[in-house]
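Whatever order the structure lists them in is the order used to number ligands and atoms, beginning at 1. What you see is a predicted model, and the numbers here were worked out from it, not measured in a lab. Side chains included, hydrogens not; waters and symmetry mates left out as well; all remaining heavy atoms used.
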Amino acid sequence: MGITARRPGEQDDVTQSDESAQTTPLLTEIDHIAIAVPDLGDAIDYYRETFGAVVDHREVVESDGVEEALLKVAESYVQLLTPTRPDSTVAKWLEKRGGPGIHHVGYRVADCGVALESVKRQGFRVLDEEPRPGSRGTTVAFIHPKDALGTLIELVEE
Ligand code: V0V
Ligand code: CO
């Protein structure tokens with residue numbers, strides 16, 4: 001029951017006794033839940049009016065073609081995300097889905113490079129070969145949703 005995802009070409013009955021499996025926990029906390037929206041202002045208003053949530057940080061991340069608003073919830077964030085240009089992957093995602101929804105989950109890790117190497121060593125596809133800058137000065141790397149139970153995963157080192 002320990003298996004978390006399947007490597008390309010593997011059978012269903014593989015268990016975590018595999019030598020390459022990661023046995024010490026890499027994920028320390030949930031850093032953020034990212035919700036992609038067509039209109040950032042409307043989304044911020046919704047969270048403020050409905051839950052009294054306030055914006056903790058706002059940033060445009062040019063490399064990803066997104067603007068974010070981070071709302072703090074305890075030690076984690078809700079990351080409201082909107083595309084800044086039509087060729088942004090988030091623009092494509094919103095169009096395909098037809099509206100807002102959960103786009104990815106960011107998990108906090110102690111060392112993004114170590115976590116990323118572990119994922120790669122186990123044969124899972126990653127979207128960043130090396131850790132790179134994320135928002136608010138973090139270091140991040142993304143794992144392909146097709147190798148992560150259909151969920152786009154972002155490893156986040158603060
Ligand atoms: C696509 N797919 C997803 C998905 N996006 N599945 C789950 N969650 C998502 N967010 C599925 C899609 O339905 C297809 O499945 C398949 O993956 C390939 O999708 P595609 O539309 O052909 O591919 P692209 O070209 O849109 O690329 C999708 C990926 C891309 C995930 C490769 O979005 C990517 O590289 N993401 C990493 C960077 C990123 O997301 N940046 C924005 C946030 P079917 O239909 O073939 O079954 S930046 C951020 O959060 C920062 C900076 C931060 O927090 O600090
Ligand atoms: Co994110």
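- The distance from ligand 1 to the heavy atoms of Trp93 drops below 4.0 Å at these ligand atoms: 4 (C), 5 (N), 9 (C), 10 (N).
- The closest approach between Glu68 and ligand 1 stays at or above 4.0 Å for every heavy atom of the residue.
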Side-chain atoms of residues 92-100: list all donor-acceptor pairs with protein atoms under 3.5 Å, sequence neighbours left out, distances to 0.1 Å.
unit_1: Arg97; atom_1: NE; unit_2: Gly99; atom_2: O; d: 3.4
unit_1: Arg97; atom_1: NE; unit_2: Pro100; atom_2: O; d: 2.9
unit_1: Arg97; atom_1: NH2; unit_2: Pro100; atom_2: O; d: 3.0

Intermediate values then yes/no, side chain to side chain contact (heavy atoms under 4.5 Å, CB included), Leu155 and Ile143
CA-CA 8 Å; Leu155 303 169; Ile143 302 170; 4.1 Å; yes

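- Contact annotation for atom 17 (O) of ligand 1: protein present (non-hydrogen atoms, distance under 4.0 Å).
- For ligand 1 and His32, the ligand atoms under 4.0 Å from any heavy atom of the residue are 54 (O).
- Smallest separation of non-hydrogen atoms from His103 and Ala36: CB-CB, 4.0 Å.
- For ligand 1, the atoms closer than 4.0 angstrom to any heavy atom of Gln79 are 49 (C), 50 (O), 51 (C), 53 (C), 54 (O).
- Protein heavy atom nearest atom 27 (O) of ligand 1, with residue, atom name and distance: Thr89 CG2, 4.4 Å.
- Of the listed residues (Leu127, Leu81, Thr138), the one carrying the non-hydrogen atom nearest atom 36 (N) of ligand 1 is Leu127.
- The heavy atom nearest to atom 55 (O) of ligand 1, out of those in Ala34, Ser135, Ala36, is found in Ser135.
- Taking a cut-off of under 4.0 Å to the non-hydrogen atoms of Gly134, the atoms of ligand 1 that pass are 55 (O).
- For atom 26 (O) of ligand 1, the choice among Arg97, Lys92, Arg136 with the nearest heavy atom turns out to be Lys92.
- Atom CG of Leu127 is surrounded by more than 12 heavy atoms from other residues, nucleotides or ligands within 6.0 Å.
- Protein N, O or S atom count below 2.8 Å of the Co ion (ligand 2): the structure gives 4.
- Nearest to atom 7 (C) of ligand 1 among the protein's heavy atoms is Gly150 O, 3.3 Å.
- Counting protein heavy atoms only, atom 42 (C) of ligand 1 is closest to Asp64 OD2, 3.7 Å.
- Atoms CG and CG, from Leu149 and Leu152 in turn, are 12.5 Å apart once rounded to the nearest 0.5 Å.
- Of the protein's non-hydrogen atoms, Pro145 CG, 3.6 Å is the one closest to atom 3 (C) of ligand 1.
- Here is the list of ligand 1 atoms found below 4.0 Å of a heavy atom in His104: 43 (C), 50 (O).
- Screening Asp56, Leu71, Ile30 for a side-chain contact (heavy atoms from CB on, under 4.5 Å) involving Tyr77 leaves a single residue, Asp56.
- The hydrophobic cluster containing Val61 does not contain Leu80, counting ILVMFWY residues as joined when their side-chain heavy atoms lie under 4.5 angstrom apart, directly or transitively.
- Formation of a donor-acceptor pair under 3.5 Å by the Arg85 side chain with backbone atoms of Glu62 is found in this model.
- When all heavy atoms are compared, the tightest approach of Glu59 to Gly134 is OE2-O, 4.3 Å.
- Scanning both residues, Asp128 and Leu116, for their nearest heavy atoms gives O-CD2, 3.4 Å.
- Of all non-hydrogen atoms in Thr84 and Glu67, the two that sit nearest each other are CG2-N, 3.6 Å.
- Checking atom 31 (C) of ligand 1 against the protein gives a heavy-atom contact under 4.0 Å.
- Val156 approaches His32 most closely through the heavy-atom pair CG2-CE1, 3.9 Å.
- Shortest contact from atom 47 (O) of ligand 1 to any protein heavy atom: Lys146 NZ, 2.6 Å.
- Of all the listed residues (Glu154, His103, Lys96), Lys96 holds the heavy atom that lies closest to atom 14 (C) of ligand 1.
- A continuous path of ILVMFWY side-chain contacts below 4.5 Å connects Ile153 to Val78, so both sit in one hydrophobic cluster.
- Side-chain contact, His104 with Gln79: a donor N or O sits under 3.5 Å from an acceptor N or O.
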